[in-house]
There are 2 protein chains.
Amino acid sequence: MTQTSETTSYKDIKRTVLSRIRSGDWGPDSLLPNEQDLAAEFSCTRTTVNRALRELADEGYLERRRKAGTRVLSAPQRQARFTIPMVRDEVEALGGTYRYALVSSARENAPDWLAARLALRTGQPVMHVRCMHFSGNTPFQYEDRWIVVDSVPQVMQADFSQIGPNEWLIQTVPFTNVELTFLASRADAMVAGFLDVPEGEPVFTGERITWLEGQPVTFAKMYFAAGYRMTTQF
Amino acid sequence: MTQTSETTSYKDIKRTVLSRIRSGDWGPDSLLPNEQDLAAEFSCTRTTVNRALRELADEGYLERRRKAGTRVLSAPQRQARFTIPMVRDEVEALGGTYRYALVSSARENAPDWLAARLALRTGQPVMHVRCMHFSGNTPFQYEDRWIVVDSVPQVMQADFSQIGPNEWLIQTVPFTNVELTFLASRADAMVAGFLDVPEGEPVFTGERITWLEGQPVTFAKMYFAAGYRMTTQF
DNA sequence: AAAAATTTAAAGTCTACACAAATTGGATAT
DNA sequence: ATATCCAATTTGTGTAGACTTTAAATTTTT
């Protein structure tokens, strides 16, 4: 048989399964019928059911194990997907005009805390770049970044006066792994100065570590201006 | 032909495509060969190529459009997936013993700011629940929550002295949409008292709004203890 | 009993093919 | 030149069927 306008689509199945979960028809921890039976119920092939259930599992509603079957997750491990935008895009999306300014850029030796964080040898050479991102004339983000010279030798020739280190890295070095952390920190004198807020002010802060195939590439600390909110919907 | 141990798997294709992107072989914005040609190259069916490319597109590496083809996204819109854990799980994952304590629970009329936030009528009845989550005897999170009575009438009978409002809601009401926001706020006298930090201390704060089919269900504000870090890897 | 080997049920993945839907780009008409 | 229509291309999704892998359940052996 072939696909007509009356064909059951995997999207229909997803919808139906979700509504049965929500209605309590298939309660938490309960076992769903197997793919064959569902295929029979929806009069479609197992392939189609498989796709629907696989996607629902990806989205955190179901847990699937061979032989054990498919069950409803009791505490739906809903996952929020934050798209990590580049500062420029974020500023422009908020209706501002993006402006970048380099604060300093120098070759240094990795301090202890950084070496520990990135699993470097103490004193291994790193490029230390500090810069500002503005929305119009308002400070938006202060960025404090270290780039591992041994992993990215080209960084010694890079000119960060016009282009930000993040944009430079993205178009220069690929990465395979990222660790992202968010926290609330207190503005020290320097950060307060750059962001134009009182010293001691709470600052939404992000830390990002990037690796390429196990090699540490960069560590960045991003201090957001007062009032910054990171939002997502799902 | 059938599947042997030498069969090309969609995972192999994903790996190969990714490595070609990373090596610059297929640079940003470049157009990939169409599915047919890739299938020929990998000597597999178009179905298999389709799955590989579809997943890479889901993961934010590629953009696909009918007739236009598949292109490499210039700025890989990598998406961080934060799994939103329940406080209990988070505390236990960190090796602590979870303890819950109700602070107050009362029926109120929605104040202006809440009504605006949830698109309620001013004065619409809401259940206002405040509670603490501990790790051992250390404060972990202070939660300030409002539940829309008209959307969840059962809430008037709920007893929040033993179970937290979040856990109660999860096992009682399904939800379809969530908005999640994180920010750095300043501890006011009350929050400082509950979290046992000095007044004015930076506090990592989360806000969560939940809807069921367009109906606002609950608004929660979560204040995390000093030093809290939200981390993810991808 | 406990441990090891075997069976078996379920999801995972692939082949091979077909039709559907979207959108681009060119042809045609205004 | 501009608007409209049409054909071609590419991804999207389905059917039907088979083999593979995992791990739960059962049986056999120790």
Side-chain angles (χ1 to χ4, degrees), chain A residues 1-18 20-21 26 28-74 76-77, chain B residues 1-18 20-21 26 28-74 76-77:
Chain A
M1 190 184 295
T2 180
Q3 184 177 0
T4 76
S5 54
E6 287 301 316
T7 303
T8 311
S9 111
Y10 77 98
K11 287 182 181 166
D12 295 336
I13 300 181
K14 284 180 73 173
R15 238 193 312 278
T16 305
V17 170
L18 256 186
R20 285 188 194 171
I21 292 175
W26 288 337
D29 281 321
S30 67
L31 199 63
L32 268 63
N34 68 33
E35 295 185 346
Q36 290 236 337
D37 294 350
L38 286 172
E41 186 197 327
F42 292 110
S43 34
C44 65
T45 54
R46 192 169 74 85
T47 316
T48 302
V49 172
N50 180 276
R51 176 158 183 194
L53 297 188
R54 179 158 36 84
E55 293 197 358
L56 285 173
D58 279 347
E59 290 162 27
Y61 293 102
L62 301 175
E63 196 213 353
R64 318 190 75 204
R65 260 167 40 241
R66 279 161 157 154
K67 164 81 186 180
T70 302
R71 34 181 86 250
V72 178
L73 280 180
S74 48
Q77 289 281 324
Chain B
M1 189 184 299
T2 179
Q3 184 178 1
T4 78
S5 53
E6 288 299 317
T7 304
T8 311
S9 109
Y10 78 98
K11 287 181 181 168
D12 295 336
I13 300 180
K14 283 180 73 173
R15 238 194 312 278
T16 306
V17 170
L18 254 186
R20 285 187 193 170
I21 292 174
W26 288 337
D29 281 322
S30 66
L31 200 63
L32 267 62
N34 69 34
E35 295 186 348
Q36 289 238 333
D37 293 351
L38 286 173
E41 186 198 327
F42 292 110
S43 33
C44 65
T45 54
R46 192 170 74 84
T47 316
T48 303
V49 172
N50 180 275
R51 175 157 183 196
L53 298 188
R54 180 159 35 87
E55 292 196 358
L56 286 173
D58 278 349
E59 290 161 27
Y61 293 102
L62 301 175
E63 195 213 353
R64 320 192 73 206
R65 261 170 36 242
R66 277 161 159 154
K67 163 80 184 182
T70 302
R71 35 183 84 252
V72 179
L73 280 179
S74 47
Q77 291 280 325

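Please read these numbers as outputs of a predicted model, since none were measured by experiment. Naming: A, B, ... by sequence-line order, numbering from 1 per chain.
- Comparing dC14(C), dG14(D), dG12(D) by their closest approach to the side chain of Tyr10(B) singles out dC14(C).
- Taking atom CD on Glu55(A) and atom P on dG12(D), their separation rounds to 12 Å, with Å as the unit.
- In terms of phosphate contacts, Ser9(B) brings a side-chain nitrogen or oxygen within less than 4.0 Å of OP1 or OP2 of dC14(C).
- Residue Gln36(B) contributes atom CD, which lies 11 Å from atom P of dT9(D) at whole-angstrom precision.
- Distance CG (Leu56(B)) to C1' (dG12(D)): 17 Å, rounded to an integer number of Å.
- For the pair Leu38(A) CG and dT15(D) C1', the computed distance is 17 Å after rounding to whole Å.
- Computed from coordinates, the Glu63(B) CD to dG12(D) P distance equals 11 Å when rounded to whole Å.
- The CZ atom of Phe42(A) sits 19 Å away from the C1' atom of dA16(D) (whole-angstrom rounding).
- The structure places OG of Ser9(B) at 6.5 Å from CZ of Arg15(B), a figure rounded to the nearest 0.5 Å.
- Both Arg51(B) and Arg46(B) sit near DNA chain C, but only Arg51(B) has its closest nucleotide nearer the 5' end.
- Shown here are the side chain to side chain contact (heavy atoms under 4.5 Å, CB included) partners of Leu56(B), two or more places apart in sequence or in another chain: Lys14(B), Val17(B), Leu18(B), Glu59(B), Tyr61(B), Leu62(B).
- The side chain to side chain contact (heavy atoms under 4.5 Å, CB included) test applied to Arg71(B) returns Leu31(B), Glu63(B), not counting sequence neighbours.
- The side chain to side chain donor-acceptor pair (under 3.5 Å) search around Arg65(B) returns none, not counting sequence neighbours.
- Relative to the side chain of Thr47(B), the nucleotides dC19(C), dG12(C), dG14(D) differ in distance, and dG14(D) lies closest.
- Side-chain nitrogen and oxygen atoms of Lys11(A) include none within less than 4.0 Å of the OP1 or OP2 phosphate oxygen of dG12(D).
- Every residue meeting the side chain to side chain contact (heavy atoms under 4.5 Å, CB included) condition with Pro28(B), not counting sequence neighbours, appears here in chain and number order: Ser74(B).
- Note: CG (Leu53(A)) to C1' (dT13(C)) measures 15 Å, nearest angstrom.
- Partners of Thr45(B) according to the side chain to side chain contact (heavy atoms under 4.5 Å, CB included) rule, which considers only residues two or more places apart in sequence or in another chain, are Thr47(B), Thr48(B).
- Closest of all the heavy-atom pairs between Ala52(B) and Tyr10(B) is CB-O, 3.6 Å.
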task: For each nucleotide in nucleotides 5-10 of chain C, reading 5' to 3', give B when a protein heavy atom comes within less than 4.0 Å of its base, S when such contact involves only the sugar-phosphate, and - otherwise.
output: ---BBB
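- Residue Asn50(B) has a polar side-chain atom (N or O) positioned under 4.0 Å from OP1 or OP2 of dG12(D).
- As a whole-Å value, the separation of Leu62(B) CG from dT10(D) C1' is 15 Å.
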